[in-house]
Chemist: 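I have a structure here, written as C-alpha cells, and I will follow up with some questions on it.
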Amino acid sequence: MNYWLMKSEPDECSIDDLASAPGQCLPWIGVRNYQARNFMRDAMRIGDGVLFYHSSCPQPGIAGLAEVASPAYPDASQFDPASPYYDPKSKPEQARWLHVDVRYRRKTRLLSLTEMRERPELAGMRVLQAGNRLSITPVLAEEWQRVLQLLEGPT
DNA sequence: GCCAACGTTGGC
DNA sequence: GCCAACGTTGGC
C-alpha cells in the first residue's frame, strides 16, 4: 500500500466535483509530466491512499481523501485536438500519457498549505520541498498518518 | 499579474 | 549531448 498527494485545480476538479461524479470516481486526465506519469504507471496500485490537494486557488491545501481506483491506462484527451491536453506527438498505437482513476473517500477540513508549512512533523513531505512542481508526489506512511491526525484535530 | 523554479524543445 | 529559449506551474 502506497500513499500519494495529487494536486487538482478546484476550478477544474474539486473534491466536491469528485464526490458528485458518477460512482464518485473520475479519470485523472491531463498529467503531462513524465515523473508524475511514471508514478501512476509504475508505482500506483488500486487502493492506494490519495491526499486530494487544491492548487492554484485562493486557499491551497489538502481538501479531502481519495484512493486509486484503476491501473494506469491511456489518457484519451491526448488524442483530442479540441482538448487543452492534446498532444500531437502522441500516437494511439503508443500512447505517451497515461492516467489512473481516482475514487472519492471523504471530504475533510481544509489543511491549508500555510498550516502544512507550520507543522514540523510534515516538513519532510515532498510536496513542501523547495522548487517542487510535481502534481503527483509520494507520501510516506508516517506522513499520511500525521496528516490524518491533523485532519481529525481542531481547525 | 508577477516571477522563481523547473521541464521541454530543438538547433547545433 | 549541450544549452539557450521558451513554456508551465503555482504561490503570493
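Keep in mind it's a predicted model, so treat the numbers as computed, not measured. Letters A, B, ... mirror the listed sequences (proteins, then strands); counts begin at 1.
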Chemist: How many whole angstroms separate atom CG of A:D11 from atom P of C:dT9?
Modeler: 14 Å

Chemist: Any salt bridge (Lys or Arg N to Asp or Glu O under 4.0 Å) pairs touching residues 65-86 of chain A, not counting sequence neighbours?
Modeler: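 Non-adjacent pairs meeting salt bridge (Lys or Arg N to Asp or Glu O under 4.0 Å): A:R32-A:D75, A:E67-A:R103, A:E67-A:R105.
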
Chemist: Pairs under 3.5 angstrom, nitrogen or oxygen only, protein versus nucleotides 3-8 of chain C, please.
Modeler:
{"residue": "C:dT8", "atom": "O2", "partner": "A:R133", "partner atom": "NH1", "Å": "2.4"}

Chemist: Calculate the interatomic distance between A:L5 atom CG and C:dT9 atom P; express it in whole Å.
Modeler: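 Going from CG in A:L5 over to P in C:dT9 covers 16 Å.
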
Chemist: Between A:F52 and A:W28, does the ring centre distance come in under 6.0 Å?
Modeler: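 Yes, the ring centres sit under 6.0 Å apart.
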
Chemist: Using the salt bridge (Lys or Arg N to Asp or Glu O under 4.0 Å) criterion, which residues pair with A:R117? Sequence neighbours excluded.
Modeler: none

Chemist: Once side-chain hydrogen bond (donor to acceptor under 3.5 Å, both in side chains) is applied, what residue pairs with a partner in residues 48-62 of chain A remain, sequence neighbours excluded?
Modeler: A:W4-A:D48

Chemist: Categorize A:Q35 for me: base, sugar-phosphate, or nothing, with a 4.0 angstrom heavy-atom threshold over every strand shown.
Modeler: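 The residue A:Q35 makes sugar-phosphate contact but no base contact.
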
Chemist: For A:R126, enumerate each residue passing the salt bridge (Lys or Arg N to Asp or Glu O under 4.0 Å) test, keeping only those at least two apart in sequence or located in another chain.
Modeler: none

Chemist: Closer to the 5' end of DNA chain B via nearest nucleotide, is it A:R96 or A:N132?
Modeler: A:N132

Chemist: In chain order, what residues pass the side chain to side chain donor-acceptor pair (under 3.5 Å) check against A:D16, with sequence neighbours excluded?
Modeler: A:K107

Chemist: Over how many whole Å does the gap from A:E9 atom CD to C:dT9 atom P extend?
Modeler: 8 Å

